[in-house]
Amino acid sequence: MSINPNTQPLHEVNEEQLPVAKHKLHGWKHFAGLYAGEHVAATEFVIGATFVALGASTIDIIIGLFIGNILAMCSWWLLTAPIAVETRLSLYNYLNKIAGDSMTKLYNWANVVIFAVISAAMITVSSTAVRFLFDIPAQLQWYPTNMWFVGIVLAVGSIVVLVAMFGFSTVADFSKICAPWLFVIFISGSFALFPALSEHVLGSTQVSSWSDFIKIGDMSVWTGLNSQGEEGIGLLEVIGFAWAANSITHFGLIDMAIFRFAKKKRYGLLSGVGMFFGHYLAWISAGIMGAGAAVLLSTTISHLDPGDVAYQALGITGFVIIIIAGWTTANANLYRAGLAAQSIFTKHSREKTTCIVGLVTVVIACFPFVFTQMLPLLTYAGLLVVPVGGIVFAEHVLFPKIGLTRYWARYQKISKSVPAIASWGLALAFGFGLNALDVMSFYYLFIPTWIFTIVVYTLLAKKYGADRQYPEQVKEDEALQAKIEIHQAKQANSEAPFVVDNSKFSKLLNGLSVISLAVISYYACLVMFFSPTLEAYTQNKALFETFCISGTIVYFVTAYWSLKRQKALNS
């Protein structure tokens, strides 16, 4: 919706419609923590194990994930962050500004579908931990094979929906403190099971060299053969998926909503914190845990779900990590889906739209295919959204360089941008057509689809009036921007500054949080590096599981207590 200061005072305008004010910008630590929290999550259990099942080799995983995550990090740095910092707008508001209400509603429908499916997958993942407690068989088909599992999904999903409707702010705060713990637990879980893999391959619980690690990986984790015993995916596929996994947020520009708060464009590089903690180390750790659990249970990784894997690696803490990681991820995505739905059905509250979308999401979560097919689902979701990123890139970056006018559709007061809608539709036909023809790996389809969209949108926009000049409208924009800056400066003067809690008690709580993670790490290292025999390994792993759950309890109690004290100080 466009802002008209002549008919609507700025203090009555929803703050989300305005560019982010200077006094609300964040420093680098905010984005490092944000990306670490979002990208070390329950999906890592699923994706890490899937690489094993797809038959990647050890070297392909180590090199391919490194290159792919570098490319993803650079995509945030060079594409998303610059546009976000220059506009200070979310993708939703910028898209509305350049393509009108009709295109924005279509885009929000796509978001409803994408975020609902991701949320459903995380509800299913959390349910695998709960079903383990009740000795319900693993759900390995695309449909549920046990009605008790359906009941668990409905119960877990109902909690997720209720929290997304009414208590999301608390969960969002809670999610921020999960990142350090999740990272430590992922690494610790791989340490706890690696000696079992070593014994299985080398006949010894201890690894003495890098070549031993590679041998164990090649023979029991990333064997190069898929679950059907055929040749698996190669280096290019691993690189492609690591790059494409978050194409929704970088090439698709959804993370403009995050980086609009960045003080500098180079903060896009901080996405690498999430990529290398979550999509590199956590994916590798999840693969090791999956293979280790398969060895201990004398089965294959394709016959295990995340609940099996987490329990074998971490004991009782495995239930905690699956439930919390799945819960926090599901809530965040269901909240996004509810917001997108509310933007479509503006006469209804966010709570009501979230409830309706949530009910559909819970039904989807009853079908385990949503988490067993996470790799293709994420890739196709990216293919659906990336054309929108191409449209925004063309308008914001390319148009000024080739003499076309930004915001030409708004200057013409067009609510339905034919070039934008047609470009998106043609791009989807192009991208999914390439996939049907099988001319290239679908992990890379987002790249030619993005380029195709830019070319088509530029040509169509020029035909519909982007090549004209709009001097009067540009002056109105400049006058509006000046009014917004004055309005935001007044807001900055009236708002109380953020106060950091430096009390001794809060420092004690933070210190206990760090110590609890250090204790978990110490006992994980004890299992990994100081278990010369199977008997010593069994004893050390039992110690690790005990201190892992006790350390987890201490960490969450102290970290959440500290967070609540900080919020109370600034309330």
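Residues take their numbers from the sequence shown, with the count starting at 1. As the structure is a prediction and not an experimental result, all values here were calculated from the model.
Under the 4.5 Å side-chain criterion, counting only non-hydrogen atoms from C-beta, Leu65 is in contact with Phe51. Residues Leu334 and Phe115 form no side-chain contact, since every pair of their non-hydrogen atoms from C-beta on lies 4.5 Å or further apart. Contact check for Lys541 versus Leu193: side-chain heavy atoms found under the 4.5 Å cut-off. Counting only heavy atoms from C-beta outward, the side chains of Thr317 and Glu545 never approach each other to under 4.5 Å. Side-chain contact between Ser158 and Val362: absent, with no pair of heavy atoms (C-beta onward) separated by less than 4.5 Å. Between Val554 and Val519, the closest side-chain pair of non-hydrogen atoms is not below 4.5 Å. Here the side chains of Ile520 and Ile185 are in contact, with some heavy-atom distance below 4.5 Å. Side-chain contact between Tyr523 and Cys548: absent, with no pair of heavy atoms (C-beta onward) separated by less than 4.5 Å.
The closest donor-acceptor contact from the side chain of Thr58 to the backbone of Asp218 lies under 3.5 Å. Of the possible polar contacts, none joining the Ser198 side chain to the Phe194 backbone as a donor-acceptor pair under 3.5 Å is found. Put simply, the side chain of Ser190 never gets that close to the backbone of Ile288: no donor and acceptor are under 3.5 Å apart. A donor-acceptor pair under 3.5 Å is formed between the side chain of Thr353 and the backbone N or O of Gly338. Although no hydrogens or angles enter the test, the distance criterion places no donor-acceptor pair under 3.5 Å between the side chain of Gln539 and the main chain of Ala536. With hydrogens and angles disregarded, no donor-acceptor distance shorter than 3.5 Å links the side chain of Tyr443 to the backbone of Leu236. Listed for the Tyr537 side chain is a donor-acceptor partner under 3.5 Å among the backbone atoms of Ala192. With hydrogens and angles ignored, the 3.5 Å screen pairs a side-chain donor or acceptor of Thr558 with a backbone N or O of Tyr555. No donor-acceptor pair closer than 3.5 Å links the side chain of Trp109 to the backbone N or O of Ala340.
In terms of the salt bridge (charged side-chain N to carboxylate O under 4.0 Å, His left out) criterion, Glu199 has no residue partners (sequence neighbours excluded). The side chain to side chain donor-acceptor pair (under 3.5 Å) test applied to Asp255 returns Tyr35, Trp76, not counting sequence neighbours. For Trp243, the side chain to side chain donor-acceptor pair (under 3.5 Å) partners are Ser75, not counting sequence neighbours.
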Test side-chain contact (heavy atoms from CB on, under 4.5 Å) applied to Thr449 and Tyr444, step by step: CA-CA 9 Å; Thr449 302; Tyr444 291 96; over 6 Å; no

From CA spacing to verdict: side-chain contact (heavy atoms from CB on, under 4.5 Å), Met103, Val388: CA-CA 9 Å; Met103 175 70 175; Val388 177; 4.2 Å; yes

Criterion side-chain contact (heavy atoms from CB on, under 4.5 Å) on Ile284 and Trp222, from CA distance to verdict: CA-CA 10 Å; Ile284 289 173; Trp222 305 285; 3.6 Å; yes

Audit row: Leu314, Phe544, side-chain contact (heavy atoms from CB on, under 4.5 Å) steps and yes/no: CA-CA 8 Å; Leu314 300 159; Phe544 162 72; 3.8 Å; yes

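Within a 6.0 Å sphere centred on CZ of Phe66, heavy atoms belonging to other residues, nucleotides or ligands number 12 at most. Surrounding CD1 of Ile316 are at most 12 heavy atoms belonging to other residues, nucleotides or ligands under 6.0 Å away. Other residues, nucleotides and ligands contribute at most 12 non-hydrogen atoms within 6.0 Å of the CD atom of Glu231.
Scanning both residues, Gly290 and Val309, for their nearest heavy atoms gives N-CG1, 3.7 Å. Scanning both residues, Ser188 and Ser521, for their nearest heavy atoms gives OG-CA, 4.3 Å. Taking each heavy atom of Met528 and Pro195 in turn, the nearest pair found is CA-CG, 4.1 Å. Here the closest heavy-atom approach between residue Val273 and residue Ala32 is recorded as CG1-O, 3.6 Å. The heavy-atom pair separating Gly252 from Leu91 by the smallest distance is O-CD2, 3.3 Å. Nearest heavy atoms, Leu509 versus Ser562: CD1-N, 3.8 Å.
Here Thr104 contributes atom OG1 and Leu95 contributes atom CG; the two are 4.5 Å apart, rounded to the nearest 0.5 Å. Interatomic distance, NE2 of His200 versus CG of Leu197, reported as 7.5 Å (0.5 Å rounding). Expressed to the nearest 0.5 Å, how far CG of Leu296 lies from OH of Tyr311 amounts to 11.5 Å. With values rounded to the nearest 0.5 angstrom, Asp60 atom CG is found 12.5 Å from Leu54 atom CG. Note that CG of Leu281 is 4.5 Å distant from CD1 of Ile187, once rounded to the nearest 0.5 Å. In this structure, the separation between CD1 on Ile553 and OG on Ser516 is 11.0 Å, given to the nearest 0.5 Å.
For Phe547 and Tyr522, the distance between ring centers is not under 6.0 angstrom. Two rings, from Tyr92 and Tyr107, have their centers 6.0 Å or more apart.
For the ring-ring contact (aromatic ring centres under 6.0 Å, His included) with Trp181, the qualifying choice from Tyr560, Phe556, Phe186 is Phe556, the only one to do so.
In this pair, Phe276 and Tyr280 present their aromatic rings tilted. The plane angle is within the 30 to 60° band.
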